[in-house]
Amino acid sequence: MRIETKCLHEGYHPQNGEPRVLPIYQSTTYTYDSTEHIGKLFDLTAQGYFYSRISNPTVGAVEDKIAALEGGIGALCTTSGQAASLISILNILQAGDHFISVSKIYGGTINLFAVTLKKLGIECTFVDPDASDEAIQKQFRPNTKAVFGETIANPALSVLDIEKFARIAHQNQVPLIVDNTFATPILCRPIEFGADVVIHSTTKYMDGHAVQLGGIIVDSGNFDWNNEKFPEFNEPDESYHGVIYTKNFGKAAYITKARVQLMRDIGAYPAAHTAFLLNLGLETLALRMERHCLNAQKVAEYLNGSDKVEYVNYPGLQNNAYYSLAQKYLPLGCSGVISFSIKGGREAAVRFMDGLQLASNVVHVADIRTCVLHPASSTHRQLTDEQLKAAGITPGLIRLSVGLENIHDILEDLEQGLAKV
Ligand SMILES: *Cc1c(COP(=O)(O)O)cnc(C)c1O
């Protein structure tokens with residue numbers, strides 16, 4: 001199956017007389033004929049559902065679909081993108097460990113890595129995504145256990161050189177985790193370029209309609225955890241009578257451990273109804289991404305030609321610093337997200353945004369409806385103009401998430417907004 005077909009048909013295969021549409025299995029529990037069978041489920045020697053804090057048939061169908069889209073061997077849904085980032089790291093690292101992350105990533109992830117994980121004794125070093133191999137290699141320590149980056153960074157829109165980071169991570173016998181939220185598997189499949197684990201905020205394009213919050217962790221099955229750096233994978237887990245994940249689950253060691261150990265203990269598993277809504281979004285993902293990219297490319301070119309605009313940041317523009325990386329990793333398009341700055345700073349940006357009629361002013365991105373955000377007066381409001389500059393956010397910067405409306409309606413709205421500046 002090609003990827004458009006997988007969006008519709010992977011994960012759920014109804015048998016003779018069964019519902020055509022994925023059913024919502026709204027049940028916390030599952031019934032078995034014998035206590036012996038339930039005992040086997042708890043010992044991980046038999047497979048099956050037993051409690052919806054760690055698995056559920058509706059959520060499971062979505063996990064199988066997204067694993068197939070990314071080219072992974074298994075996946076685990078979570079209640080948010082934040083929970084996916086957290087569990088993807090906690091599954092590998094513990095207090096006293098260290099990891100390396102690219103500095104241009106989602107702001108919420110920076111907080112999680114720099115503040116909250118630090119309180120748990122896990123340290124993160126941030127590196128410039130464009131740094132040389134040598135500069136990145138220098139940040140490795142004997143206790144470094146992972147490398148993390150974002151395919152298309154939110155909101156910087158830098159494009160990650162996935163092969164470079166995979167090569168450096170693997171030279172140091174550690175896995176590369178890639179947040180593929182903005183690209184989606186339609187535009188880029190990081191596993192094909194060497195990523196070992198892929199995560200998403202499914203709240204964004206995968207859902208696409210702004211109706212559910214969710215995340216997912218996908219395991220490539222390619223990383224060899226039989227390595228002295230990772231005793232949690234290749235030594236007995238006392239919380240399961242001495243199960244050894246690499247021995248009992250082979251290629252699925254990482255994703256099995258994330259589910260049966262961390263999801264069991266943390267409990268950030270989505271409800272069946274939420275997964276059902278996500279699945280509806282996934283069915284049209286390929287079609288939607290195609291149009292998001294097409295519309296955004298036209299909008300970026302329009303803004304680039306406007307004399308009211310200071311600069312436009314979109315990796316699909318030839319003058320963009322990430323154009324050649326985008327050609328390699330995102331040949332079908334660079335998603336619907338653009339950032340740009342209006343001449344006249346903060347006041348001009350606010351006048352423009354308040355003047356828009358079609359685009360909505362929301363704290364959301366990657367939606368079917370065109371939406372805008374002014375970081376300097378919302379998500380980054382507490383920062384001074386100097387601090388904004390250090391974070392790569394000019395006072396006039398606007399993040400524009402181009403939706404699926406008719407391109408002429410989008411362009412006309414931007415035009416009348418710019419006329420009010
Ligand atoms: C939104 C986002 C997250 C966090 O996801 P939530 O679903 O809001 O918890 C993580 N990474 C990226 C790239 C995001 O855009």
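All ligand and atom numbering here is 1-based and tracks the order in the structure.
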Quick check on contacts: which atoms of ligand 1 are under 4.0 angstrom from a heavy atom of [X]?
{"X": "E150", "answer": "13 (C)"}
{"X": "S80", "answer": "7 (O), 9 (O)"}
{"X": "G214", "answer": "7 (O)"}

Does any N or O of ligand 1 fall below 3.5 Å from an N or O anywhere on [X], backbone included?
{"X": "T109", "value": "no"}
{"X": "D179", "value": "yes"}
{"X": "Q82", "value": "yes"}

Considering only the protein, which heavy-atom contact is closest to [atom], and what is its distance?
{"atom": "atom 1 (C) of ligand 1", "result": "K204 NZ, 1.5 Å"}
{"atom": "atom 6 (P) of ligand 1", "result": "G81 N, 3.4 Å"}
{"atom": "atom 4 (C) of ligand 1", "result": "Y106 CE2, 3.4 Å"}
{"atom": "atom 7 (O) of ligand 1", "result": "T203 OG1, 2.6 Å"}

Answer with yes or no whether the side chains of Y245 and D237 bring together a donor and an acceptor at under 3.5 Å.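 Judged by distance alone, the side chains do pair up.
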
For T151 and N180, which I'm curious about, is there any donor-acceptor pair between the side chains at under 3.5 Å?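 Short answer, yes.
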
Do NZ/NE/NH1/NH2 and the carboxylate oxygens of [X] and [Y] come within less than 4.0 Å?
{"X": "E63", "Y": "R259", "answer": "yes"}
{"X": "E192", "Y": "R189", "answer": "yes"}
{"X": "K343", "Y": "D307", "answer": "no"}

List for me each residue that meets ring-ring contact (aromatic ring centres under 6.0 Å, His included) alongside Y322, sequence neighbours excluded, and say none if there are none.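 Result, ring-ring contact (aromatic ring centres under 6.0 Å, His included) vs Y322: none returned.
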
Check: E134 side chain, K138 main-chain N or O, donor-acceptor pair, under 3.5 Å: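 Here the side-chain-to-backbone pair does not exist.
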
Let me know which of Y254, F233, F230 forms a ring pair (Phe, Tyr, Trp, His ring centres under 6.0 Å) with F223.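 When Y254, F233, F230 are each tested with F223, the ring pair (Phe, Tyr, Trp, His ring centres under 6.0 Å) holds only for F230.
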
Contact between ligand 1 and A366 is defined here as a heavy atom of the residue under 4.0 Å from a ligand atom; is it met?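 Checking ligand 1 against A366, which is what was asked, there is no heavy-atom contact under 4.0 Å.
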
